[in-house]
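Counting from 1, the numbers follow the sequence of the chain as shown. Note that the coordinates shown come from a computational prediction; the quantities given were computed from them, not determined experimentally.
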Amino acid sequence: MNKLWMGLVLVAISGLAACQPQGEHGKLRKDMNGMILGDDTQPAQPLHVGVGDTATRLMARNPYLKQFKLNDQEELRLPLMTKLDVHYDDGDIKLDVGCAFTTNIDGNARFPGAAFIGIKLCDQPLNDWKPALQRATEIMRRLEQQNPQVQNLRDFYRNASEPELQKIGGKQWRKSQQDMDMLRTLEEADAKFAQEAAGGNEEILSGKWRNTEAFVGVYAGKHAIFEIGVSKVAEFGGSNLTEEQRRTMRYEVTMSFRLRNDVDPKSVQR
C-alpha cells in the first residue's frame with residue numbers, strides 16, 4: 001500500500017466515538033417540507049435498515065418511526081435529517097456505519113420499500129479532505145472485514161460494457177468518460193482535491209459547480225450495491241457569509257446502498 005495511506009484505519013477509527021448511542025434521541029418531527037428532524041444535542045439513537053426492508057419491517061426494527069405511519073403500498077420517502085447511529089443489514093451485507101448526519105430511505109417503481117439508502121456521515125472536516133478520505137477508507141476496510149463475500153467492483157466498473165454495467169447497476173451507470181473518471185483511487189482523489197485547493201477552489205466559488213466529488217469505492221453483495229465517496233461542498237449563506245466563510249469548504253463522506261438491478265425485489269423483501 002502507498003505510504004500516503006498507511007495507517008488510515010487507525011486514524012479514522014477515532015471518529016467513531018462521536019456517535020456512540022447513549023440514550024433516547026427524543027421524538028422526531030416532520031417539518032413543513034416533509035423533512036424529519038430531531039434534537040441533535042441528544043445522543044444519536046440506532047437506526048436499523050437494509051435494502052429490501054418493507055415499511056412494516058422498518059417500523060418494527062425502529063419503533064420510533066411508527067409515528068409517521070409508513071405504508072407498504074406507497075413508495076417510501078423518508079428523509080431523516082437528524083443524527084442517527086446507522087446499522088445496515090440486508091440479510092447478506094452487514095455494516096455498522098456509525099454516526100450519520102442525514103439518512104434518506106427511498107422506494108422506487110420496482111420496490112416501494114427500502115430500495116435506496118443514502119447516507120451522509122457526521123464527519124465533515126473543514127478545508128481538509130484527508131480526514132474524509134481516511135474515514136472513507138476505514139468504512140471500506142470494515143465492509144470487507146465484516147463481509148468477506150462482498151465483491152469489489154472497481155475493475156468491473158472500469159472495464160465492463162455499458163449493457164453489462166446496467167444489468168447490475170441500472171441506468172445510473174453509464175459508460176461516458178465523465179462517469180468513468182469519477183471512480184478514483186484514494187491517491188487520485190487526494191491529488192484531485194489538492195489541485196482544486198491550490199487553485200483556490202474557484203470551480204465552486206465561481207458558481208460553475210455547487211460541489212465536486214470523488215467516488216472511491218463500489219461493491220456488490222447478493223442484493224445490494226454499495227458506493228462511497230467524498231464530496232466537497234461550500235458553506236451555505238450567500239451574501240451573509242464573510243469572505244473566510246465563503247472560502248470554507250466542507251468535505252462530506254457520502255455512501256449509498258441500493259437494490260441491484262438484476263435482483264427480483266420479491267426475493268429480497270423482508
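Within the model, atoms CD of Glu164 and CD of Glu162 stand 11.0 Å from one another, a figure rounded to the nearest 0.5 Å. The CG atom of Leu28 sits 5.5 Å away from atom CD of Gln67, with the distance rounded to the nearest 0.5 Å.
Counting only distance, with no hydrogens or angles, the side chain of Asp53 and the backbone of Arg57 share no donor-acceptor pair below 3.5 Å. Remark: the backbone N or O of Thr56 is paired with a side-chain donor or acceptor of Asp72 at under 3.5 angstrom. Not a single donor-acceptor pair under 3.5 Å links the side chain of Asp40 to the backbone N or O of Thr82. Not a single donor-acceptor pair under 3.5 Å links the side chain of Tyr219 to the backbone N or O of Ile228. Panel note: side chain Lys175, backbone Arg158; a donor-acceptor pair is recorded below 3.5 Å. Side chain of Asn62 to main chain of Tyr64: no donor-acceptor pair is present (N/O by atom type, distance under 3.5 Å, no hydrogens or angles).
By the neighbour-count criterion of 12 heavy atoms within 6.0 Å, atom NZ of Lys222 is sparsely surrounded, having that number or fewer from other residues, nucleotides or ligands. Glu243 CD: more than 12 foreign heavy atoms inside a 6.0 Å radius.
At a threshold of 4.5 Å between non-hydrogen side-chain atoms, the residues Asn261 and Ile225 do not count as touching. No side-chain heavy atom of Asn108 sits less than 4.5 Å from a side-chain heavy atom of Arg258.
With Leu78 as the fixed residue, the side chain to side chain contact (heavy atoms under 4.5 Å, CB included) test singles out one of Asp106, Asn104, Ile105, Ile117: Ile105.
Side-chain contact, Glu203 with Thr212: no donor N or O sits under 3.5 Å from an acceptor N or O.
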Residues Leu65, Leu80; criterion side chain to side chain contact (heavy atoms under 4.5 Å, CB included); working and verdict: CA-CA 10 Å; Leu65 296 178; Leu80 297 163; 4.1 Å; yes
Criterion side chain to side chain contact (heavy atoms under 4.5 Å, CB included) on Asp123 and Tyr251, from CA distance to verdict: CA-CA 8 Å; Asp123 313 62; Tyr251 292 88; over 6 Å; no
